[in-house]
Amino acid sequence: MGLQENIEAGAHVAVKRPALMRQQAFIAGHWCDADSGETMAIIDPATQRNIGHVPLMGGEETTRAIAAAVSAQRDWERVPARERAAMVARLGQLMVEQADELAVIMTLEQGKPLHQARQEVVYGASYFKWYAAEAPRITGAVHPVADPGKHIEITKIPIGVTAAITPWNFPIATVARKLAPALAVGCAQIVKPAPTTPFTALAIAHLAERVGCPAGLISVLTGDAAAIGAELTSSADVRMLSFTGSTAIGRKLYADCASTIKKVALELGGNAPFLVFEDADLDAAVDGLMTAKFRNMGQVCIAPNRVMAHESVFDDFRDRLREKIATLTVGPGLDDRDQGPLATQTNFDKVRRHVKEALERGATLVLGGGPHELGGWFYQPTILTDVPRGCSMTCEETFGPVVALSRFANEKEAIATANDTPYGLAAYFYTSDVARERRIADRLQSGMVGANCGAIGTPAAPFGGIKQSGIGREGSTFGLEEFLEAKYICRPLITAAD
Ligand code: NAP
């Protein structure tokens with residue numbers, strides 16, 4: 001890039017850069033640089049231009065964040081639940097008030113269209129509001145006569161200092177689902193956001209500071225994942241790790257947590273099936289698929305990865321889908337079209353590789369099929385049919401705006417194919433037969449099922465997977481339990497004298 005272009009790019013970013021965009025990490029209530037002074041550049045996926053820097057931190061800074069969290073934890077867990085909840089609710093409210101600024105930051109670093117970034121901010125804030133309402137309702141139990149002569153009392157206590165490691169596809173939602181319940185039940189949290197999308201997490205720390213969050217209760221560390229991860233997993237002071245990301249990294253962190261017997265919650269990868277039965281409302285199924293698949297350019301852990309339609313409606317469904325997908329507009333996230341660029345070079349390369357491999361092995365191209373004419377990391381909304389079994393696209397997440405559509409002959413085959421994966425995060429199906437609706441919902445091996453529904457995320461529901469898609473849940477009261485321990489106190493039963 002020439003000097004003139006560089007200056008213009010800088011001017012463009014300066015105009016767009018909101019005041020909330022912090023370029024330092026947040027430890028023990030202070031904004032800091034790395035001890036080494038080193039930084040990492042953050043790139044706008046739409047232009048691949050540098051939009052700022054964050055500190056490249058490692059083990060030493062992590063140790064300091066843990067010490068600050070231990071100290072903050074002692075006081076925070078003693079704060080009455082309603083006072084804690086009030087702060088959590090204020091943070092959610094401030095996020096909503098600053099939604100436009102936060103959305104610009106997210107779009108700059110992640111690439112998604114501005115309206116989707118704004119929706120994610122509001123969705124993330126809803127977790128703070130929901131947990132602020134729910135956490136004060138946590139109760140225990142008393143069993144005075146369960147065991148002769150003993151009084152059994154059970155209380156729920158905060159688990160202690162927690163760590164959160166998050167991915168780049170939903171930089172606010174994935175942090176909110178961990179931070180909101182942790183703070184609400186009385187836990188400190190150290191957040192390590194993805195290296196390509198740290199600014200949104202840092203902005204939340206900034207807002208937390210503004211609502212009076214005690215120093216050390218929240219730290220946000222940017223930098224060397226392996227060094228930060230090693231310190232977080234090996235520290236006996238960190239009692240729980242909540243991780244969202246790939247199954248491969250989740251497996252490693254799970255093993256690393258064994259040395260200190262830490263509780264883990266793992267939200268990992270998926271390979272969601274989407275089944276369209278012969279009695280489905282095809283327009284509703286197309287709309288459901290558009291919602292579930294094309295949000296965030298398909299970079300969604302619960303996005304349908306294997307779309308299957310009954311052979312009798314296959315052609316009709318494909319044609320209706322092609323008509324809808326062909327209308328999708330593509331452009332930089334700040335221009336707020338339907339689709340932005342893919343978020344990283346690695347993901348762009350993966351999507352390209354999956355499509356190329358499927359076509360080479362005999363899949364039929366219906367729409368798109370390659371990089372978009374805008375260049376860079378833009379990719380065309382794509383439909384392929386009859387992707388042969390065994391192609392990467394059928395067994396790995398493609399994480400892009402690509403629909404792989406295949407046909408099935410009967411219910412038995414549909415269920416067997418849908419469940420033929422080591423993953424079990426989300427599954428979707430469309431049918432208008434009530435009995436079939438129950439049957440299929442029961443038989444799909446998946447933590448979450450969309451039955452005639454393409455949008456399933458809400459703070460009131462438990463989000464998470466079975467099989468190799470994870471352990472534990474986020475959202476709902478199940479998400480609170482991840483940050484709690486049951487404590488049982490046994491006392492001699494004192495009976496009143498006559
Ligand atoms: P990833 O490569 O597993 O990385 C996730 C996070 O882990 C990043 O912050 C990463 O930092 C960090 N990390 C990597 N190695 C680490 C280590 N040794 N110690 C500590 N941290 C480490 O996943 P991703 O590519 O960012 O995200 C995409 C994946 O997330 C997909 O598989 C998707 O399905 C999954 N996901 C799941 C859910 C869900 O709720 N189930 C939601 C969203 C996304 P570095 O990049 O610096 O290594």
Side-chain angles (χ1 to χ4, degrees), residues 40 42 54 56-59 62 109-110 112 120 123-124 127 163-178 190-198 200-201 220-235 238 241-257 262 264-272 295-305 342-351 396-400 421-426 446-448 456-457 461-475 479 482:
M40 319 190 289
I42 308 303
V54 290
L56 181 64
M57 292 186 159
T62 310
E109 66 180 4
Q110 203 273 349
K112 67 182 67 179
E120 186 184 334
Y123 175 69
Y127 279 82
I165 299 180
T166 57
W168 48 262
N169 59 343
F170 287 99
I172 280 202
T174 52
V175 171
R177 285 192 191 141
K178 300 173 189 317
I190 297 153
V191 181
K192 194 219 82 70
T196 53
T197 56
T200 32
V220 178
L221 296 172
T222 55
D224 179 341
I228 295 171
E231 199 57 36
L232 290 175
T233 51
S234 66
S235 166
V238 177
L241 169 69
S242 180
F243 170 77
T244 300
S246 62
T247 297
I249 301 295
R251 189 176 288 121
K252 176 190 162 23
L253 295 174
Y254 190 15
D256 292 350
C257 285
K262 242 183 262 318
V264 292
L266 304 172
E267 295 288 344
L268 308 177
N271 185 8
R295 197 165 48 107
N296 203 13
M297 291 73 72
Q299 302 165 122
V300 185
C301 55
I302 57 171
N305 204 50
L342 293 172
T344 66
Q345 177 79 56
T346 311
N347 203 43
F348 175 76
D349 291 344
K350 180 184 182 184
V351 173
E396 289 172 32
E397 293 172 297
T398 298
F399 243 50
T421 165
Y423 300 101
L425 189 58
S446 176
M448 297 172 280
I456 57 178
F463 190 102
I466 60 173
K467 303 204 276 188
Q468 294 185 34
S469 287
I471 295 174
R473 294 292 180 271
E474 292 185 334
E482 304 292 338

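Both counts, for ligands and for their atoms, begin at 1 and track the order of listing. These values consider heavy atoms only, across backbone and side chains, with no hydrogens, waters or symmetry-generated copies.
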- [ ] Record the part of L253 in heavy-atom contact with ligand 1 below 4.0 Å; permitted values are side chain, backbone, both and neither.
- [x] side chain
Task: Exercise: identify the closest heavy-atom pair between A272 and A426 - done: CB-O, 3.1 Å
Open item on the list: Donor-acceptor check, side chain of Q110 to backbone of F170, threshold 3.5 angstrom: yes or no?
Closed with: no
Task: Residue among T197, T200, T196 satisfying side chain to side chain donor-acceptor pair (under 3.5 Å) with E109 - done: T200
Task: atom 4 (O) of ligand 1 touched by protein heavy atom at under 4.0 Å - done: no
- [ ] May I ask which of T196, I249, D256 has a heavy atom nearer to atom 16 (C) of ligand 1 than the others do?
- [x] I249
- [ ] Give the contacting part of E397 toward ligand 1: side chain, backbone, both or neither, where contact means a heavy-atom distance below 4.0 Å.
- [x] side chain
TODO: For S469, enumerate each residue passing the side chain to side chain contact (heavy atoms under 4.5 Å, CB included) test, keeping only those at least two apart in sequence or located in another chain.
DONE: Y423, L425
TODO: Measure from atom 12 (C) of ligand 1 to every heavy atom in N271, L266, I165 and give the option owning the shortest one.
DONE: I165
- [ ] Look only at interatomic distance and state if R177 has a nitrogen or oxygen under 3.5 Å from any nitrogen or oxygen of ligand 1.
- [x] no
Open item on the list: salt bridge (Lys or Arg N to Asp or Glu O under 4.0 Å), that's the test. Do E482 and R473 meet it? Break it down for me.
Closed with: CA-CA 7 Å; E482 304 292 338; R473 294 292 180 271; over 6 Å; no
- [ ] Note the single closest protein heavy atom to atom 38 (C) of ligand 1, along with its residue, its atom name and the distance in Å.
- [x] C301 SG, 3.0 Å
Open item on the list: Suppose I only count heavy atoms of G269 and a 4.0 Å limit; which atoms of ligand 1 are within that range?
Closed with: 32 (O), 34 (O)
- [ ] Identify the protein heavy atom lying closest to atom 6 (C) of ligand 1, giving its residue, its atom name and the separation to 0.1 Å.
- [x] T166 O, 3.5 Å
TODO: Give a yes/no verdict on a cation-pi contact between R177 and F463, requiring under 6.0 Å between NZ or CZ and the six-membered ring centre and an angle within 45° of the axis.
DONE: yes
Task: Atoms in ligand 1 with a heavy atom of P195 nearer than 4.0 Å - done: 11 (O), 45 (P), 46 (O), 47 (O)
- [ ] List every atom of ligand 1 that sits less than 4.0 Å from any heavy atom of T244, numbering the atoms from 1 in the order shown and giving each element.
- [x] 5 (C), 36 (N), 37 (C), 38 (C), 39 (C), 40 (O), 42 (C), 43 (C), 44 (C)
- [ ] Give a yes or no answer on whether the side chain of K262 reaches the backbone of T233 with a donor-acceptor pair at less than 3.5 Å.
- [x] yes
- [ ] Just jot down the ligand 1 atoms closer than 4.0 angstrom to any heavy atom of N169, in number order.
- [x] 43 (C), 44 (C)
TODO: Below 4.0 angstrom from a heavy atom of G229, which ligand 1 atoms are there? Numbered from 1 as shown, please.
DONE: 19 (N), 20 (C)
Open item on the list: Quick check: closest heavy atoms across F399 and Q299, and the distance to 0.1 Å?
Closed with: O-CG, 3.5 Å
Open item on the list: To check your reading of the model: name the closest protein heavy atom to atom 18 (N) of ligand 1, its residue, and the distance in Å.
Closed with: K252 CE, 3.5 Å
Task: Protein residue, atom and distance nearest to atom 11 (O) of ligand 1, heavy-atom basis - done: K192 NZ, 3.2 Å
Task: Heteroatom proximity flag, T247 to ligand 1, N/O under 3.5 Å - done: no
Task: Sub-3.5 Å N/O-N/O distance, W168 and ligand 1 - done: yes
Task: Part of F170 with heavy atoms under 4.0 Å of ligand 1, whether side chain, backbone, both or neither - done: neither
Open item on the list: Around atom NZ of K350, are there more than 12 heavy atoms from other residues, nucleotides or ligands closer than 6.0 Å?
Closed with: yes
Task: Partner residues of Y254 under the side chain to side chain contact (heavy atoms under 4.5 Å, CB included) criterion, sequence neighbours left out - done: V264, L266, I471
- [ ] Please check if the side chain of N347 supplies one atom and the backbone of G400 the other of a donor-acceptor pair under 3.5 Å.
- [x] no
TODO: Would you indicate which of P198, P193, S246, G270 comes nearest to atom 2 (O) of ligand 1 when only heavy atoms are counted?
DONE: S246
Open item on the list: How far is atom 28 (C) of ligand 1 from the closest protein heavy atom, and which atom is that?
Closed with: F399 CE2, 4.0 Å
Open item on the list: Rounded at 0.5 Å granularity, tell me how far CG in N271 sits from NZ in K467.
Closed with: 9.5 Å
Open item on the list: Donor-acceptor check, side chain of N296 to backbone of G298, threshold 3.5 angstrom: yes or no?
Closed with: no
Open item on the list: Tell me whether S234 contacts the main-chain N or O of A230 through its side chain, where contact means a donor paired with an acceptor under 3.5 Å.
Closed with: yes
Task: Close-contact set for ligand 1 against L425 heavy atoms, below 4.0 Å - done: 41 (N)
Open item on the list: Under 3.5 Å between any N/O of L268 and any N/O of ligand 1: does that happen in this structure?
Closed with: yes
- [ ] Report the member of A225, G245, G457, P167 with the shortest heavy-atom distance to atom 29 (C) of ligand 1.
- [x] G245
